[in-house]
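Report on the following structure.
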Amino acid sequence: MAALVTAPNLPDHDGFYAELLAAHKGLTEAESAAMNARLVLILANHVGDREALREALALARKAGG
Amino acid sequence: MPYDYQEFPYVTPPPLRGMTEGRKPAVIVGAGPIGLALAVDLALRGVPSVVLDDNNVVSVGSRAICWAKRSLEILDRLGVAERMVAKGVTWKIGRTRHRDEEVFRFDLLPEGGHKMPAFINLQQYYVEQYLVERCRDFPDLIDLRFRNRVTAVERFDDHAVATVETPEGSYRIEADWLLACDGAGSPIRRMMGLDFAGELFEERFLIADIVMKADFPSERWFWFEPTFHPGQSALLHKQPDDIYRIDLQLGWDADPEEEKKPEKVIPRIEKVVEGRPFTLDWVSVYTFQCRRLERFAHGRVVFVGDSAHVVSPFGARGGNGGLQDVDNIGWKLAAVLKGEAGAALIESYDAERRHGADENILNSTRATKFMTPAPGIERTFRDAVLALAAHAPFARGMVNSGRLSLPCAYPPSPFLGPDESALPAGTAPGRPCPDAPVGNGWLLARLGGGFTLLGLDCDPPEIEGAASLRLDAEGWLRRRYLGEAASAVYLIRPDQHIAARWLAPTAEDCAAALAVAKGL
């Protein structure tokens, strides 16, 4: 792990968490899945670092057990 | 005007006229664009060939229609590209729509300084006709045998023997090299029991050529989920003679025979062309696959084109990939037959073109997954890209309706010589020479058929086995081959791929690189 920031980096993380839930409010499970897919693509483009994204994909998969 | 199919005459082959035939240097099986192009390439190098084909007409239906710049450069070397460009529809703009909105637009050749356009559309039957006519320019070197079907192949260490069936009986023909250019369904591949591994996509497309007077611009139009064909994809391409190609996604469950019926086809197409009058010229239903042979060279039997690898049609990588095979094997086979190179050179065909096929399969598979995603997460991400494309520029580039064929750059190998990193990346060893204007003509036309030592703003060394050519580096030539450097020397292979390059080599450097490129 080198490119991906895994130490705390997000100001007011509780506030962001609430915004994330609020953004999904009223959506069905399928609509939420679609929204998450769009969000992943938007954030990936913003990150723009293929190595960091590769590490993020590996971490997400690993944490799922 | 639909094409007027002419039958090529069947001529009794010499063995059935009581004549004894010796072993032939090259027997080409299949008179499609690949087999015919290979016969011409060999003839230009003085190598005679016999071309066997089970049929006696050019391809029925437009089939391969998009010819990329590199293919046109190869076909220009073979002497048919100017005719193709004159007849074909030149295009460079592609538009992709989602529902009724344009989400992505590409311009294939924003850069000047090339003789050949980025792409032309021309039906495969014209290309075959032009190549057959070009073959007739070499009556002493090319022996075209129509209605000659290969029914068996025997392999030996230093030759192969084909059994050939004709309307008048069968005969055997011996070949130093047998080139299987017999297409995606290659009977020779089957006879040899070779595994054709890969992926079949569970999708069907309807393909139709229609004759229609319309003022559509010369562009490639692709639709995801258009209102005229809900939930599916569609593609429209303009061809010469007022013929348009339409591809419509049908879904895996569609019944091919049912979907080909005019009463099914016509209402669908009426929606695409918004009620303009048209007539149907050709209809077919296809599935697509990405597969390749594990090896293309099997002793004295070498697979070239679709017989060696198939891709889905989106991206125009079938015919274009096959022509790069021809370009690669032609000079190598000629050099081996003339004793100027070791048989190891055929191994470099195998390695280089497997690399090319893998690149085409990778691109084609990615496009196919985007265009026909599996239900579930593939579909979710595909729809996410399309939804975002209308709102965010980054997503437009991710919309994939086929990444169109670009010439293959061969990776570093024991057959490529030294590189000089001070020179531009676009002309590194392994890459095809980019064209550039030279005087009143073009660089590629100056390269001739053999190896060339090209000196840019310097005299190249004189060595045996390569023609020395000095050019003043101006404009595009300087930009593409020198960059910031004052002068350079390039060793260029007969297939116009760069073998090695230096700032100031000695004759010994050049001779060593030439030996490497010839597999000596």
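To find a chain, count down the sequence lines: A is the first, B the second, and so on, and within it residues start at 1. Bear in mind that the values here come from a model prediction, so they are computed numbers and not experimental data. Atoms considered below: every heavy atom in the structure, side chains included; atoms not considered: hydrogens, waters and symmetry mates.
For Arg366(B), the CZ atom counts as loosely surrounded, since its 6.0 Å shell holds 12 or fewer non-hydrogen atoms of other residues, nucleotides or ligands. Shown here is Glu101(B), whose CD atom has no more than 12 heavy atoms of other residues, nucleotides or ligands within 6.0 Å. Within a 6.0 Å sphere centred on CD of Glu294(B), heavy atoms belonging to other residues, nucleotides or ligands number 12 at most.
Using a 4.5 Å cut-off between heavy atoms, Leu39(A) does not touch chain B at all. Residue Ala392(B): no heavy atom, backbone or side chain, is found under 4.5 Å from chain A.
With values rounded to the nearest 0.5 angstrom, Thr380(B) atom OG1 is found 10.5 Å from Arg38(A) atom CZ.
Residues that satisfy the ring pair (Phe, Tyr, Trp, His ring centres under 6.0 Å) test with Trp91(B), not counting sequence neighbours, are Phe119(B), His237(B).
Scanning both residues, Ala384(B) and Ala34(A), for their nearest heavy atoms gives CB-O, 4.5 Å.
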